[in-house]
Amino acid sequence: KWPKVVVQFEDISNDHCFLLLSRYRHQYRCFNDDIQGTGAVVLAGLLNAIKIIDAHKNSSDINIKNSSDMKDMKIMMVGAGRAAIGIADVICTYLQSNCGMKAEEAISKFWFVDSRGLIHTGRDDYLHGDMLDYKKKYARKEKYKKEMKKLEEIVDEVKPECLMGVSGQPGTFTQPIISSMCSHNENPIIFALSNPTDHSECSASDAIQWSNGKCIFAAGSPFPPVQYENKSIKIGQANNVYIFPGLGLGASLCQARKITDGMIIEAAKALSEFTPSSLLSAHRCLYPPLSKLHKITAHIAKRVMEKAYEEEDVICDLPRPSSLDDFISEHQYFPPS
């Protein structure tokens with residue numbers, strides 16, 4: 001009935017979301033915002049965090065266009081639902097397409113922690129076949145104690161550079177955990193991504209105070225600026241609203257018959273590059289102002305369209321316009337003033 005529509009899956013249970021996405025993503029113009037949208041917005045923030053670390057290490061200005069690859073980074077995910085798996089899947093795709101990694105090598109950069117502790121192949125639910133399939137691929141193969149449940153103990157053992165919370169459990173990132181992250185990282189990356197605010201793994205203020213201003217922080221919920229050492233630090237929010245309007249608009253306008261991993265990665269890179277260097281350097285704020293959302297959407301839509309026209313396995317039913325900027329401007333919705 002509506003052959004040009006873009007279908008956005010949202011709030012589908014963990015039992016069904018991965019199956020539905022894999023079943024339909026290569027047949028129709030669709031994506032899952034909880035999985036791919038979340039993954040893209042977090043990847044954008046992670047790329048910007050690495051730019052800040054690069055500039056600090058090299059005593060140089062921040063390069064908006066480029067960051068070093070993350071091939072040596074250990075990433076710990078606290079929570080193992082659709083958002084957490086989506087984040088890891090998108091980052092793994094990036095590691096393969098942009099850093100030259102094999103799939104197994106990319107997966108090996110992740111340590112997942114769920115309500116039962118560290119996910120690994122020696123755990124009872126893995127051994128008895130009770131672990132959910134989407135978790136199994138991220139199960140660590142090293143020999144750990146059967147049940148490593150305490151997050152502080154796991155952080156001390158693994159020593160990750162990046163700690164991401166998607167657990168929905170407030171207060172998960174305690175002061176000892178933040179201190180542990182700082183003990184083996186000069187600038188630990190802390191993403192407390194659960195929302196709403198009262199479900200966040202820690203507050204922005206706590207993360208910055210407990211790390212003595214060292215951490216690079218982003219949240220899934222809005223936090224006010226944090227006052228630290230006579231500075232007002234703006235806090236970036238990893239909000240999917242940065243991604244899905246531009247991704248959907250770009251896919252719709254070029255009439256790509258499917259939305260590929262390459263288009264998702266391109267949306268993330270476009271968002272990363274839109275964040276002003278002044279925000280990154282002065283505030284370590286990883287995302288641009290939401291007030292710029294209309295321009296961000298057009299910017300991402302253009303990059304998504306360029307990628308769709310470039311990829312050999314994507315058929316676009318609309319021939320490429322002579323000017324993508326003009327074409328997007330003509331078709332983007334502007335609410336009445």
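Since the model is a prediction, treat every value here as computed from it, not as a measurement. Numbers for residues simply follow the sequence, beginning at 1.
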Spacing of [atom1] belonging to [X] relative to [atom2] belonging to [Y], to within rounding of 0.5 Å:
X      : Y      : atom1 : atom2 : value
Phe244 : Asp33  : CZ    : CG    : 6.0 Å
Asn240 : Gln8   : CG    : CD    : 8.5 Å
Ser272 : Leu280 : OG    : CG    : 7.5 Å
Asp325 : His299 : CG    : NE2   : 10.5 Å
Ser329 : Lys302 : OG    : NZ    : 12.0 Å
Asn32  : Arg25  : CG    : CZ    : 10.0 Å

Is it the case that the side chain of [X] and the backbone of [Y] share a donor-acceptor pair, with hydrogens and angles ignored and the cut-off at 3.5 Å?
X      : Y      : answer
Gln255 : Ala251 : no
Ser180 : Pro176 : no
Tyr94  : Ala268 : no
Glu153 : Lys149 : no
Ser221 : Ser194 : yes
Lys234 : Leu279 : no
Arg29  : Ala256 : yes
Gln237 : Ala219 : no
Asn14  : Gly81  : no
Asn195 : Thr197 : no

Q.
Is there a salt bridge (charged side-chain N to carboxylate O under 4.0 Å, His left out) between Lys150 and Glu152? Walk through the geometry before answering.
A. CA-CA 5 Å; Lys150 292 184 177 180; Glu152 185 180 349; over 6 Å; no
Counting heavy atoms not belonging to [X], are there more than 12 under 6.0 Å from its [atom1]?
X      : atom1 : value
His184 : NE2   : yes
Phe327 : CZ    : yes
Tyr28  : OH    : no
Lys292 : NZ    : no

Which pair of non-hydrogen atoms, one from [X] and one from [Y], has the smallest distance, and what is that distance?
X      : Y      : result
Ile12  : Asp34  : N-OD2, 4.1 Å
Cys285 : Ile235 : SG-C, 4.0 Å
Ser200 : Cys202 : OG-O, 2.8 Å
Arg140 : Trp111 : NH2-CZ2, 3.1 Å

Under 4.5 Å between any side-chain heavy atoms of [X] and [Y], yes or no?
X      : Y      : result
His56  : Glu186 : yes
Val113 : Met77  : no
Val41  : Leu271 : yes
Ile87  : Leu193 : yes
Leu151 : Val78  : yes
Phe31  : Leu247 : yes
Ile189 : Leu163 : no
Asp124 : Arg116 : yes

Q) Taking it one step at a time, do Lys71 and Met101 satisfy side-chain contact (heavy atoms from CB on, under 4.5 Å)? A) CA-CA 8 Å; Lys71 64 183 180 182; Met101 285 188 180; 3.0 Å; yes
So, [X] versus [Y]: side-chain donor-acceptor pair below 3.5 Å or not?
X      : Y      : result
Thr260 : Glu311 : yes
His199 : Gln169 : no
Ser167 : Glu201 : yes
Lys214 : Asn185 : no

Q | Worked check of side-chain contact (heavy atoms from CB on, under 4.5 Å) between Tyr242 and Thr297 | A | CA-CA 7 Å; Tyr242 284 117; Thr297 296; over 6 Å; no
Q | salt bridge (charged side-chain N to carboxylate O under 4.0 Å, His left out) assessment of Arg303 paired with Glu266 | A | CA-CA 6 Å; Arg303 294 281 290 275; Glu266 200 61 29; 2.8 Å; yes
Using the rule that two of Ile, Leu, Val, Met, Phe, Trp, Tyr join whenever any of their side-chain heavy atoms come within less than 4.5 Å, decide whether [X] and [Y] are in one cluster.
X      : Y      : answer
Ile208 : Met181 : yes
Val166 : Phe112 : yes
Tyr228 : Ile178 : yes
Ile91  : Tyr138 : yes
Phe110 : Ile107 : yes

Test: [X] and [Y] ion pair at under 4.0 Å:
X      : Y      : result
Asp54  : Lys51  : no
Asp72  : Lys109 : no
Lys102 : Glu105 : no

Q: Answer yes if the ring centres of Phe334 and His294 are under 6.0 angstrom apart, and no otherwise.
A: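 Under 6.0 Å, so yes.
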Q.
For Phe217 together with Phe191, are the ring centres under 6.0 Å from each other?
A.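 When the ring centroids of Phe191 and Phe217 are compared, they turn out to be at least 6.0 Å apart.
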**Q.** Arg82 vs Asp89, salt bridge (charged side-chain N to carboxylate O under 4.0 Å, His left out): CA-CA, chis, key distance, verdict
**A.** CA-CA 10 Å; Arg82 59 184 178 272; Asp89 284 352; over 6 Å; no
**Q.** Single hit among Tyr134, Phe9, Tyr24 for ring pair (Phe, Tyr, Trp, His ring centres under 6.0 Å) with Phe18
**A.** Tyr134
(Q) Quick one, Asp125 with Arg123, criterion salt bridge (charged side-chain N to carboxylate O under 4.0 Å, His left out). Give me CA distance, side-chain angles, the key distance, then yes/no. (A) CA-CA 6 Å; Asp125 54 344; Arg123 223 169 69 168; 2.8 Å; yes
Q | Working for side-chain contact (heavy atoms from CB on, under 4.5 Å), residues Arg284 and Asn187 | A | CA-CA 11 Å; Arg284 295 185 174 180; Asn187 296 115; 3.2 Å; yes
Q.
With side-chain contact (heavy atoms from CB on, under 4.5 Å) as the criterion, how do Ile35 and Ile85 come out once you've worked through the C-alpha distance, each side chain's angles and the decisive distance to 0.1 Å?
A. CA-CA 7 Å; Ile35 298 172; Ile85 299 295; over 6 Å; no
